[in-house]
Structures are given as C-alpha cells and as structure tokens.
Amino acid sequence: MKPKLNPLLRKILLSVITIFIALSFTFALMRLMPGDIVDQWARELQMTQGLTYDEAYKIASTRLNYDPSVPIYIQYGKYMAGLFSGNLGMSLHYRIPVSTIIIKALPWTLFVTSSAIFISFVIGVFLGMLAAWRRKGLLDPFITFYATLTRAIPDFLLALILVVVFAVHFRLFPIRGAYDIDTPPGFNIAFFLSAIHHAVLPIIATTFQTLGGWALAMKASSTSVLGEDFMMVAKAKGLKERRIITQYLGRNAITPIITNAAIAMGAMFGGSIFIETIFGYPGIGFFFGQAIATRDFTLIQGLFLLTTFAMIAANLLADLIYTKLDPRITFE
Amino acid sequence: MKDRFLFPKLAAVLLLIQLSVPLFSCTEQKISNKVIFRGAGNWEMPPAFHGNPWAPGGAAISSASWYLYEPLFLFYLTEKKYVPRLAVSMSESADKKTLQVKLRKGVKWHDGHPFTSKDVVSTFAIGFLQTWAVWNTLLSIETPDDHTVIFKWRKPCSHLFKTRALIEKITSPYHIYGKWTERILPLMKKQNDFIKEKEEHGIPARTIWTRFSDHPVIEDLVRKKKEIREDLFKYKPSQATGTGPFMLTKVSASDMVLEKAKDSWTAKNVHIDQISLARWPTNEVMWAFLIAGEIDGAHPATPKEVAEQIIKLNPKTHMVTPSDWAEFGLIFNLKRKPMSDNQFRRAVSYAIDRDLVRKIAYYYGTSVTEYSLGIIRSQRDQWIPREELGKWEKYAFNPQLAAEILISAGYKKNRRGYWCDPEGKQINIEISTIPASDFVLGAESISSQLMKLGIKCTVRIVMDQLYGSKLSSGDFDMVTQFLGDMRRYADPATVFENILSRGGYISTATQFPEEVKGPEGKIINVYDLSERLQEYIPDTEKKQITKTLAWVINTYLPILPIFEKNIMVFYMENKRVSGWPDMSHPGWSLVSGGIEGVYCLFMTEGLLKGARR
C-alpha cells in the first residue's frame with residue numbers, strides 16, 4: 001500500500017507549486033509587455049532633449065544602471081535565487097528594496113481594505129438575509145438595484161464623487177493623504193484619530209462597491225436554505241422569527257459566504273489602484289499603479305508575489321474554515 | 001449567559017466608532033499668523049523620497065525643486081533676457097568659446113555653508129556622470145576664484161547650449177557631493193581627450209559615445225561611471241540641501257511642507273512663510289481642490305465649461321493663459337498610403353477646421369488656422385517675415401478645395417460616399433492618440449471632420465506606455481502629438497531637431513526624407529540644416545535656415561499644427577496670498593519650464609504677499 005501524504009500537507013505543497021507557477025508566468029508575461037523602464041525614459045529624453053532613440057536609450061540605461069538586454073533566463077535565475085534567499089530585489093524606479101516599499105505600504109492598504117470588507121460584509125450579509133426572508137418586500141428589488149448600480153459605477157468615479165461631496169462641499173473629511181502632516185506619526189491618539197479620519201472616504205468608497213455583492217450572495221444562499229426541511233421544522237415549532245433568521249437561516253446560509261470572505265481577505269492585499277491614487281493614499285494599490293506605468297518590473301513582481309501569496313493562503317484558509325463549518329466536507 | 005447577538009452588537013459599536021471619529025477630529029487647518037501658499041505637485045512617496053537630487057526619488061525631480069534649488073540665471077522666453085539668480089553677470093569671449101560667469105556673493109546653502117564656484121563644478125561634474133546634453137559641447141569648467149566660473153566650449157557656443165548651461169539648477173554643494181566630484185573629474189579629462197582625438201578626425205562629439213561604445217577606453221569609462229553612480233545613488237539624506245528661498249521640512253504621501261529659509265539671499269523680499277504642497281492625483285481632483293479654495297495656484301488642463309464653473313463657484317479664482325511654447329497637432333506617417341501622397345496631406349490640411357478642433361479639444365489654445373511651419377504661432381513673425389509668408393500656401397479651412405485636390409490627384413468617391421485612392425481602394429485612416437482628454441477630443445473632432453468630407457477615419461486610443469514605440473516603429477497612419485517644441489530656450493533649433501533631424505522623435509515617426517527640393521528648386525539636406533541650427537551661427541543665417549526649414553514643413557506637410565497650447569493657470573487672489581501680477585509680467589513665460597519656477601519668482605520678487613485684510 002502506498003504511503004499517503006497528509007491532506008493538509010498536500011494542500012500546502014500544491015499551494016507552493018501554484019505560487020511558483022504563478023510567479024514564473026507573471027515574470028514571463030511582464031517581459032512580453034511592450035516597453036520597459038529604460039524604453040520609457042529613453043523616449044522621454046528623446047522628446048525633451050532632441051536625441052536619437054539610440055543615444056537616449058544609452059543615457060536612460062546609464063542613469064538607471066539597468067540593462068534590460070540581459071537574457072531573460074539570466075534575469076529569471078537571478079530573480080528566483082533572490083527570492084529563495086528572501087530578497088525581492090531592488091525597485092528599478094525608486095532604487096530601494098521592494099520589501100521596504102511593501103512593508104511601508106501594506107499596513108495602510110490593510111487598514112482600509114480590512115475595514116471596508118468588515119463593514120460591507122456585516123451590513124451586506126444582514127441585508128441579504130432580510131431580503132431573502134422578506135422576498136415580497138421592497139428590500140429585495142432595492143438590493144438588486146443597488147448592487148447593479150454600484151457594480152456599474154467605476155471606483156475612481158465614486159471616489160471623485162465622495163471627494164466632491166464630503167471633502168469639498170461639506171468639508172467633513174480630508175481630501176487627501178493617510179494622516180495630517182502636522183501630526184507626528186507614532187503611537188499617539190492624535191495620529192490614530194488622524195489616520196482613521198483620513199481613511200473614512202477610502203473605506204466608504206470601497207465599502208459602497210462591495211456591499212451589494214455580499215448582499216446578493218447572502219440572499220442567494222439564504223433563498224436556497226429557506227427551502228430546507230429544518231426551516232419548516234423551526235417554523236412549525238413556533239420559534240420566534242428573529243431566532244429562525246439568525247440561528248437557522250443565517251447560520252446555514254453564511255457558510256459559503258464565509259469562504260468568499262476568506263478569499264476577499266486575500267484580495268485585499270492588492271489594494272485599489274484608482275481609489276488610492278485619487279485619495280493620495282500611500283498603499284499597495286498606489287505603488288502598483290506607479291510600477292505598471294513605469295514598467296518597474298521588480299516592484300511589479302514583488303507586489304504580484306504578495307497578492308499571489310495572499311490569495312493562495314486565503315484559499316487554503318477558506319478550505320480549512322469550510323471543513324470546520326460543515327463537517328460533511330473534508331480535504332479527502 | 002451567552003449573548004446571541006454579541007457579534008452584531010460588536011460590529012455596530014465598531015462601525016459607530018469608525019464613523020464618529022470625524023466628530024472628534026478637526027478638518028480645518030489650525031489658525032496661524034503664518035502666510036501660507038498652497039500649491040500642488042508630485043514627488044515620490046515616502047519611503048522612496050529622499051534629498052539626493054541625483055538618485056531616483058530625489059527632491060530635484062519633485063515639484064518642490066524650484067523652491068529648493070536655483071539656477072545661475074532664469075531665461076525669460078518672451079523677452080529673450082537672462083535674469084540673474086545665483087550669478088550676477090556673464091561675459092562671452094569674442095570667439096564664443098569661453099563664457100565667464102560671476103557668482104553672487106553672500107549666498108548660503110540651507111545648512112549654512114557658503115555658496116562658491118566649487119558647487120557649480122560639483123553640479124556639472126555629476127551632470128557629466130548623468131550624461132547631461134550640455135556636455136556634448138562643454139569641454140570644462142574652471143574656477144579662478146570662489147565667485148567666478150568659466151565655461152569652456154569645444155566650439156563656439158550657440159544660444160541653445162549656453163542657455164542649457166545657465167538655467168540648470170545648482171543642486172550639489174561641494175561640501176556634500178565633493179567626494180563624488182573628485183572621482184568624476186579624472187574621468188571627465190579622460191573622456192575629453194578621447195573625444196578630442198576623434199573630433200580631429202571629423203567625428204561629431206554627440207555621436208562618439210554610441211559609435212565607439214565597445215572601445216576599451218569607453219568601456220572603462222562606462223564601468224567606472226557605473227561604480228560611482230551606484231555609490232552616489234546609495235546616499236539618501238532625508239533632507240534636501242539647496243540655496244533656494246525655502247527649505248523642505250516635512251514630506252508625507254499626500255503633503256509636502258517647505259518653510260522660508262531665513263538665510264536665503266532673497267529672504268528680505270519673500271513674504272511667504274510656508275509653502276504647502278498637496279499631491280496632484282488627477283486633473284479632476286484638482287478641479288475639486290480649486291473649487292474648495294484649497295489651492296492658491298495650479299494649472300490643470302480644463303474644459304471651458306469646467307473652468308467657468310471653477311471661477312463662478314470660487315470667485316477669488318482667476319485664470320491666465322501663458323503659452324506652453326509648443327503646439328498640438330497631427331503627425332503623418334509618410335511611409336503609409338495614402339499619407340505618403342503629398343496631395344492627400346494637402347487635402348487633409350484643407351479639410352480640417354482647426355479652429356473648431358481647438359474649441360472642442362482645448363478652448364484656451366491659440367488657433368493655427370493657416371500655415372504649417374513648425375515654429376509656434378506666437379513666435380512666427382519673429383522668424384519668418386510676413387511678406388515672405390504671404391507667398392506660401394495657406395491651408396485655411398476649405399473642404400471644397402480639399403475635394404478638388406483629391407479629384408485632381410486621381411481620388412474618387414465610391415457608391416457609399418467614401419473616397420478611394422487612385423487604385424480604387426477605399427481609404428481607411430486611423431488616428432492614434434494617448435488617453436488624455438484634450439488629445440482624444442482633438443482626435444475625435446478631426447476624425448468627424450474627415451468623415452464629413454468622405455474620408456473614412458477612426459480614432460484609436462493607445463496607452464501612454466505604448467505610444468512612443470508605436471511612433472518610432474511607424475505603426476500608425478496619423479497621430480496627435482505636441483509639435484514645435486520651443487520650451488525653455490525659445491530657439492527654433494529645438495523645433496527642427498525633433499521634426500527634421502537624424503533620429504528626432506517626430507522625424508523617426510514621419511520617416512521624412514533627408515533630402516528634398518528646397519524653396520529655390522535645389523536639393524537641400526534638411527537634416528544637415530537642422531543640425532547647423534544647433535551650432536553658433538550668425539543671426540541672419542539662423543533666420544535663413546529657419547525660414548527654409550519652415551518652408552519645407554509647410555510644403556511637404558509631415559505635420560499639421562492645430563493650436564498653440566496655452567497653459568491654464570488658475571490662481572486665487574486674496575484668500576491666503578495676494579499680489580499676483582497680470583500677463584504682462586515676463587516671468588509668466590517660464591511656465592513651460594516648470595510652473596513652480598514662476599510662483600517662486602513672484603515670491604522672491606516680493607510680489608506675492610499675505611492676503612489683504
């Protein structure tokens with residue numbers, strides 16, 4: 001009989017392989033993108049200094065101390081060797097370690113996205129459950145309409161509307177940034193309040209967009225639970241409506257939603273390029289946008305690694321949670 | 001007892017805390033007696049930001065650079081006048097091969113060290129390391145004393161190269177950057193000796209670096225420069241040290257604060273205590289900033305209706321529109337049919353109502369309604385005599401004439417009403433454009449006008465990152481682009497080095513031939529003429545070459561200018577600051593080189609003061 005690998009261990013091993021494949025894929029994909037950081041800079045120099053492209057390319061390559069003509073397999077080998085020694089490389093554009101950028105930017109992104117996920121999840125799940133329970137009420141079409149509308153509005157437009165209404169017109173929140181520049185960063189109440197105050201609009205922008213999705217998912221899940229026999233039994237037993245909704249309907253319908261929440265937590269590591277750019281918020285999304293625009297390959301790779309890792313870890317977590325929530329399901 | 005509603009209750013409490021924070025936090029700025037100027041700009045976000053002007057992420061490439069650093073002179077483009085800053089005077093030798101600059105005495109760096117000629121050498125030496133274009137002509141810099149700098153040129157120095165040297169910001173105090181300067185100077189000598197030797201064989205200096213890239217001397221220079229550069233890039237002070245009227249005190253992702261430098265040589269004129277810069281995310285957000293009165297000066301490109309709304313909603317806002325010293329227009333790909341046909345390009349030039357395009361795309365531009373010269377509209381009369389211009393073909397809007405030109409060139413309309421080329425193939429043109437609102441609106445307007453004439457035309461939006469390679473690879477029919485660039489130097493040489501030179505970015509795109517029939521019927525080499533313009537030549541010859549090259553562009557139409565871009569500068573009078581000068585101030589001509597330089601000039605001239613009570 002063949003020795004069996006522990007299912008959890010097997011899952012982890014599979015995750016590591018997936019990360020490796022995803023990284024190799026993105027590495028190759030980025031090199032296939034037209035233009036590189038030297039090319040970008042060279043064209044700018046060519047336009048502003050009247051140089052030939054060749055001259056400008058040499059100057060750009062010199063100023064960056066980077067040569068993109070190094071064969072791709074050598075670049076790949078160097079990158080992988082660096083990764084295994086815990087080195088994500090040096091940003092081509094910023095000339096600082098990618099890990100430094102991630103360490104500084106990630107807390108801001110996590111602060112905003114985790115708050116937004118938490119708020120939208122709590123409200124969305126509650127509304128979805130109610131909409132399923134009172135299918136003939138106004139809430140059901142309202143949620144569908146709201147979800148369609150918010151999915152259709154691009155996040156940057158929503159962010160702009162929030163800036164104009166709440167920051168410019170009502171002056172309730174700051175227009176930009178992560179904290180007041182006059183507040184010294186550190187463990188103090190003033191900084192803490194300032195950081196929360198500055199995060200409100202980015203959080204609302206993110207929450208507003210994701211809330212409808214949670215509500216719709218919960219409504220669909222709850223609707224399927226409503227037809228189960230135990231729901232009929234609960235009603236027949238004469239239990240209070242609130243208890244049926246929370247203890248019977250909610251508890252059973254939320255299982256697949258919690259899995260989605262775990263995956264959403266993985267996605268939150270990527271931040272939002274547009275929202276963070278509009279609010280001048282120094283998170284991962286902002287740096288992602290800058291890195292793509294400047295073709296900063298090492299930074300893009302570092303950020304991809306982060307999001308890939310987070311997504312796969314979140315998937316693994318979702319699987320684990322699912323087995324705990326629903327005893328019928330195992331890794332086997 | 002177990003609380004069944006613990007989770008929802010906890011969530012509600014957390015939500016309430018989150019949303020009630022604004023009640024405890026004050027959004028209004030703290031009241032102070034300081035005179036604060038609020039602007040907007042860009043800089044690398046911390047942790048990338050630092051005070052080394054040379055390394056990526058440094059203060060010199062941020063919007064604060066004009067407040068931190070100063071050049072030897074400013075150059076007013078409208079008056080063609082040098083305005084002393086760190087220098088007080090200059091004199092050129094008769095052969096134009098030496099330029100002596102006397103430096104201002106009593107100037108101090110922000111850290112208290114005196115400013116001397118060594119600092120100029122230090123800046124230009126590191127500029128050499130970073131391959132500044134001025135070093136194509138510059139041979140060496142000598143410092144006979146602490147307040148004299150002598151620039152020595154390889155050959156008589158033209159206005160273009162002289163100005164390039166004089167308006168560079170002096171960013172590198174010797175007492176900080178001297179250790180790198182001392183390593184660079186021997187390399188400079190080695191490179192100069194090599195170039196001198198090659199020049200004696202008739203090889204132009206600017207081409208030597210690329211032509212001899214595998215020569216052992218060049219390889220050794222490249223390696224050593226790389227080592228020095230790596231070392232220099234590692235130096236990342238948190239503060240920038242300049243001589244400018246303001247010192248950098250705080251930098252965050254969203255804001256930058258500069259305080260008045262009390263020891264600056266301009267300090268007695270400066271009435272602004274603090275400059276607060278907000279990050280510039282998008283033009284749309286800037287409009288919101290302007291309406292909210294958050295910004296004292298900014299220049300977002302804005303549609304007419306939005307500009308009017310900003311001024312209406314914030315009545316303290318005013319707008320001036322100085323020239324950007326460049327034109328917006330079309331580039332034709334001369335290697336593709338039917339753009340390769342001069343008659344077709346003529347027809348297109350007559351078919352476009354350029355004033356209408358201007359109104360749609362960039363209302364506050366200046367229309368170019370007749371010729372296609374390369375030289376920007378506002379400078380046209382200085383370089384091309386009116387009586388001469390009157391003899392040249394005018395491309396005033398005339399769709400009927402456009403149709404007649406097409407017919408006489410053998411083009412015919414098919415049954416669907418679209419023009420076909422002389423071989424009977426229906427014409428399908430694509431206008432490529434970057435995703436900027438004025439570019440897209442301009443391209444759409446041109447496209448619809450060509451469609452009206454019966455030329456099938458579509459617009460393709462190309463991402464910025466791909467636009468350059470699309471142009472250089474010739475993968476386009478027509479593109480919208482900035483043409484006639486006379487920024488910073490007000491010199492026609494920069495116009496033609498782009499449009500009609502070897503490897504220029506527009507000449508590469510158009511594939512314009514090196515030799516064409518000139519105005520007098522003789523074959524002329526336009527690339528040679530364009531390069532000649534960059535050298536020191538007498539004014540009469542300069543005007544003659546400019547006229548000839550402008551004639552070439554007007555006749556062969558590799559480009560079609562649509563409007564001269566004017567920068568829309570919004571400023572707020574008497575909220576926090578007052579005293580903005582009107583458009584007659586020559587300082588406004590500096591906007592194309594960096595608008596912060598204009599604000600800083602007005603501050604150091606004592607014009608901008610606190611708001612009147």
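Order of the sequence lines fixes the chain letters, A, B, ..., with proteins taken first and strands second; residue numbering starts at 1 for each chain. Since the structure is predicted, the reported quantities are computational estimates derived from the model, not experimental observations.
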Q: If I compare all heavy atoms of A:Lys104 with all of B:Pro47, which pair ends up nearest, and what's the gap?
A: CG-CG, 3.6 Å

Q: Tell me, out of A:Ile175, A:Val164, A:Val163, who's got the most heavy-atom pairs with chain B below 4.5 Å.
A: A:Ile175

Q: At a heavy-atom separation under 4.5 Å, does B:Lys236 approach chain A through its side chain, its backbone, both, or neither?
A: side chain

Q: Do the side chains of B:Phe289 and A:Arg176 get nearer than 4.5 Å, heavy atoms only?
A: yes

Q: For the CZ atom on A:Phe274, are there more than 12 heavy atoms of other groups (residues, nucleotides or ligands in this structure) within a distance under 6.0 Å?
A: no

Q: Checking heavy atoms, do the side chain of A:Phe286, its backbone, both or neither come under 4.5 Å from chain B?
A: side chain

Q: Starting at CD of B:Glu44, measure out to NE2 of A:His93 and round the result to the nearest 0.5 Å.
A: 3.5 Å

Q: If you measure from OH on A:Tyr179 to OG on B:Ser254, what distance do you get to the nearest 0.5 Å?
A: 7.5 Å

Q: Hey, which of A:Thr100, A:Thr277, A:Ile103, A:Ile278 has the most heavy atom pairs under 4.5 Å with chain B?
A: A:Ile278

Q: With chain B, which of A:Phe126, A:Phe287, A:Trp108 has the greatest number of heavy-atom pairs at distances under 4.5 Å?
A: A:Phe287

Q: Between B:Met45 and A:Ile101, is there a side-chain heavy-atom distance shorter than 4.5 Å?
A: no

Q: With chain A as the partner, which of B:Lys234, B:Met256, B:Lys250 has the greatest number of non-hydrogen pairs under 4.5 Å?
A: B:Lys250

Q: For the CD1 atom of A:Ile181 and the OG1 atom of B:Thr249, what is their distance to the nearest 0.5 Å?
A: 7.5 Å

Q: Given a strict heavy-atom distance threshold of 4.5 Å, which part of A:Leu160 is in contact with chain B: side chain, backbone, both, or neither?
A: side chain

Q: For B:Ala55, which atoms come within 4.5 Å of any heavy atom of chain A: side chain, backbone, both, or neither?
A: neither

Q: Is it the side chain or the backbone of A:Ile292 that comes within 4.5 Å of chain B heavy atoms, both, or neither?
A: backbone

Q: Between B:Met463 and chain A, with a heavy-atom cut-off of 4.5 Å, which part of the residue counts as in contact: side chain, backbone, both or neither?
A: neither

Q: Please classify the contact of B:Ser252 with chain A as side chain, backbone, both or neither, using a heavy-atom distance under 4.5 Å.
A: both

Q: Measuring heavy-atom distances to chain A, does B:Val251 have an atom under 4.5 Å in its side chain, in its backbone, in both, or in neither?
A: backbone

